[in-house]
Amino acid sequence: MQRERIASFLLFNKYKENQRELRVQANFDHLSGVILRSTFMDLSQKAIEQPECTDLFIGLVDIDYFKQINDNYGHRMGDLAIQRLSQCLEKELKVDYRDRADFVEKFDPAKDNVLARLGGDEFVFACHCPSEAACLEKMRGLQAAFAKEEIALDGQRLSQLRFSCGVIHYLNNLSNVDQLYQKADQLMYEVKKQGGGNVLLARS
């Protein structure tokens, strides 16, 4: 009887671990370690539905000249650049993904920040910031920090990395997070057209 109880206990623990791993796989990107676009849209929608949500900023980030990185250094170096940007964003935006299995369930739309990989070298974030000036300062500081990063692989070194960013300050006037996403996307590509390496911020 004791042996059966131990076997049942171990089986139940294995089941719980498998369920946790499935939740991570369903919500998180394998390469970058941040959430997937679909999960981001769901969580950000909850954030904009909060009453008087006026401290939320939705932003898109894209590495400048990423194709040249892949062409000149190879896709492994490109993957490392994606991972390094993800780490910088996660740290500076104060995104806490330590408990990845339960993050979605415990997400607090009134205060938690989120970061997702859209695919390739593109990321999207939603963060709470006290002001537009504070958000711009944070993103420009992030650009400076990313530019100082150096990636080494097989005797090659990649440095002086830049990214473009478009940010929308949500003023509680839209009902769908996809509208904010599209506005941020337009801003980010305006930065690209101007040569990249900058941040543009506008109101929703």
Side-chain angles (χ1 to χ4, degrees), residues 29 31-37 40-41 44 55-95 97 113-171 177-204:
D29 174 60
L31 177 64
S32 64
V34 300
I35 60 175
L36 299 168
R37 173 179 176 162
F40 172 87
M41 299 302 272
S44 298
D55 69 339
L56 187 70
F57 293 80
I58 303 285
L60 262 72
V61 172
D62 181 287
I63 298 176
D64 293 332
Y65 308 111
F66 184 71
K67 184 179 184 301
Q68 293 182 19
I69 294 174
N70 281 333
D71 290 346
N72 295 333
Y73 296 90
H75 289 274
R76 287 176 60 206
M77 185 71 90
D79 285 349
L80 289 175
I82 289 169
Q83 291 173 334
R84 194 66 58 87
L85 176 58
S86 176
Q87 292 162 3
C88 286
L89 290 168
E90 193 172 342
K91 177 183 177 182
E92 298 301 326
L93 294 175
K94 294 182 171 55
V95 177
Y97 287 148
N113 298 334
V114 285
L115 170 69
R117 183 182 174 214
L118 297 172
D121 60 311
E122 288 190 334
F123 291 84
V124 60
F125 65 83
C127 72
H128 297 272
C129 235
S131 68
E132 293 176 5
C135 183
L136 279 173
E137 182 180 4
K138 182 186 293 288
M139 294 312 300
R140 285 174 178 151
L142 234 165
Q143 286 181 318
F146 188 52
K148 292 177 182 177
E149 293 287 333
E150 186 174 273
I151 303 171
L153 177 67
D154 298 335
Q156 294 182 308
R157 292 187 179 276
L158 182 63
S159 60
Q160 301 292 315
L161 292 165
R162 304 192 316 167
F163 66 76
S164 298
C165 180
V167 186
I168 294 294
H169 181 194
Y170 177 58
L171 296 177
V177 72
D178 190 59
Q179 295 172 291
L180 289 167
Y181 169 86
Q182 296 297 334
K183 288 176 178 288
D185 189 50
Q186 292 169 6
L187 284 178
M188 196 259 291
Y189 278 99
E190 184 61 36
V191 175
K192 287 285 189 184
K193 285 193 294 185
Q194 295 173 6
N198 200 4
V199 182
L200 284 181
L201 185 150
R203 296 177 180 179
S204 61

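Fair warning: this is a prediction, and the values are worked out from it, not measured in the lab. Just the heavy atoms: all of them, side chains too, but no hydrogens, waters or symmetry mates, feed the values below.
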Got a second to check how far R162's CZ is from I63's CD1, nearest 0.5 Å? 12.0 Å
List for me each residue that meets ring pair (Phe, Tyr, Trp, His ring centres under 6.0 Å) alongside F57, sequence neighbours excluded, and say none if there are none. H169
Flag the pair D29 and R37 as a salt bridge only when some basic side-chain nitrogen lies within less than 4.0 angstrom of an acidic carboxylate oxygen. no
Atom of A184, atom of I168 and distance for their closest heavy-atom approach: N-CG1, 3.5 Å
Does the side chain of L161 come within less than 4.5 Å of I69's, by heavy atoms? yes
Please step through side chain to side chain contact (heavy atoms under 4.5 Å, CB included) for the pair V114 and S44, ending with a clear verdict. CA-CA 8 Å; V114 285; S44 298; 4.0 Å; yes
Are V199 and V167 close enough that some pair of their side-chain heavy atoms sits under 4.5 Å apart? yes
Tell me yes or no: between the side chains of Q83 and Q87, is some donor less than 3.5 Å from an acceptor? no
Taking side chain as C-beta onward, heavy atoms only, is N198 less than 4.5 Å from S164? no
Only pairs under 3.5 Å count here: list side-chain donor-acceptor contacts from residues 70-81, not counting sequence neighbours, and write none if there are none.
| from | atom 1 | to | atom 2 | distance (Å) |
| --- | --- | --- | --- | --- |
| D71 | OD2 | K67 | NZ | 2.8 |
| N72 | ND2 | Q68 | O | 3.2 |
| R76 | NH1 | D154 | OD2 | 3.0 |

Within-4.5 Å side-chain heavy-atom neighbours: F123 and L89: yes
For residues C129 and A134, report the shortest heavy-atom separation together with the two atoms involved. SG-C, 4.0 Å
Among residues two or more places apart or on two chains, list those pairs meeting side-chain hydrogen bond (donor to acceptor under 3.5 Å, both in side chains) that have a residue in residues 143-153. R84-E149, E150-R157
